Amino acid sequence: MEPLRPVRVPGKVILLGEHAVVYGQPALAAPLDRHVTVRMEPAEALTFATLPATGAAALQEAMERVCDELGRPRVALHLESELPLSAGLGSSAAIAVAIVRALAQAQAIPLTLEEELRLAERMEETFHGRPSGIDHTTCAVGRPIRFLKGPPASFTPLDVSKLELVVAVAGPRDGNTRQKVMSLRAAWEQDRAAYDARFAAIGRLVDEGAALLASGDLPGLGRVFDANHAALQALGLSTAALDGLCERMRAAGAYGAKFTGAGGGGACIALHPEPEALVAALAAQGTRAFVARWKGKT
Ligand code: MEV
């Protein structure tokens with residue numbers, strides 16, 4: 001048997017367009033240089049030997065869904081994450097992709113990207129109900145993308161020549177992604193035309209943001225972050241902690257800030273002329289933050 005290589009998959013950050021993406025609008029997302037790692041060792045049966053702190057039952061259930069297709073290699077899986085869990089930074093999507101890759105590797109099953117995405121989506125459905133697919137696609141592709149749900153889902157790589165983003169964690173979430181997506185769906189069912197118009201407005205911000213990103217206009221992109229945050233806030237998806245963190249980052253000189261992911265707590269992102277200085281200012285206020293970087297043509 002070939003040696004079992006560790007599988008590393010990045011987390012993700014949604015730059016613009018979360019939630020509206022579920023309704024067919026475009027969204028921009030990028031991988032993070034923080035990863036989930038699955039290590040494997042031979043064992044009597046397929047088991048989890050090490051798990052992140054939460055979600056063991058959901059993880060087991062999600063894995064069962066892909067074992068039907070991928071089989072059950074006799075390995076013990078050790079799962080480690082550098083990502084803050086449940087912060088909207090793609091830990092579940094990265095875990096899904098990493099487990100699919102690990103199960104395939106252990107049985108020498110070659111998978112195309114399409115197959116990987118389809119299997120990871122089956123796992124993500126356990127965690128999130130009916131996700132758009134942007135999270136696991138970004139984690140699997142490993143480069144900044146503009147994503148459309150479709151069907152069929154599609155993505156195009158983004159031309160990000162240099163981008164530095166501050167990612168800051170506001171705190172625990174008041175519900176998971178599935179709950180946030182479902183409660184918005186219930187509101188949409190009540191008044192589809194009004195909600196579709198609001199999602200279309202977010203879609204226009206996404207395209208404006210993509211053009212500003214391509215031209216390197218960070219102050220302009222920051223204003224689009226602010227507008228996207230306000231649109232998500234108006235949809236009832238933000239919290240006092242997320243709004244307060246965005247305000248603190250703007251007061252510290254950010255060009256703009258928004259929450260990222262499903263909302264109800266979790267993380268915010270900001271553009272700032274001196275990202276490290278913002279991280280230091282946030283650390284002094286007791287807020288966990290880091291700089292995420294992308295360089296060169298993708
Ligand atoms: C969560 O990271 C992104 C959402 O748009 C849900 C989805 O696209 O599946 C909130």
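Everything numeric here is computed off the predicted structure, so don't read it as measured data. Atoms within a ligand are numbered from 1 in the order they appear, just like the ligands themselves.
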Q | Side-chain ion pair, Glu164 and Lys295, N-O less than 4.0 Å | A |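 So Glu164 does not pair with Lys295 through a salt bridge.
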Q) Any donor-acceptor pair under 3.5 Å linking the side chain of Thr37 with the backbone of Arg8? A)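 No: the side chain of Thr37 does not pair with the backbone of Arg8.
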Q) So which protein residues pack against ligand 1 under 4.0 Å, heavy atoms counted? A)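 Its neighbours under 4.0 Å (heavy atoms only) are Lys12, Ile14, Glu18, His19, Val21, Val22, Pro131, Ser132, Ile134, Asp135, Val181, Gly261, Ala262, given by chain and number.
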Q: If a pair satisfies salt bridge (Lys or Arg N to Asp or Glu O under 4.0 Å) and one of its residues is in residues 32-52, list it, with sequence neighbours excluded.
A: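 Residue pairs with at least one partner in residues 32-52: Arg39-Glu80.
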Q. Pairs in or reaching into residues 237-259: which pass salt bridge (Lys or Arg N to Asp or Glu O under 4.0 Å), with residues at least two apart or in two chains?
A.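 Qualifying pairs: Glu18-Lys258, Asp226-Arg250, Glu247-Arg250.
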Q | For Glu189, all residues meeting side chain to side chain donor-acceptor pair (under 3.5 Å), sequence neighbours excluded | A |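 Partners of Glu189 under the side chain to side chain donor-acceptor pair (under 3.5 Å) test: Arg192.
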**Q.** Mutual orientation of the aromatic rings belonging to Phe259 and His229 [parallel < 30°, tilted 30-60°, perpendicular > 60°]
**A.**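 The rings of Phe259 and His229 stand perpendicular, inter-plane angle above 60°.
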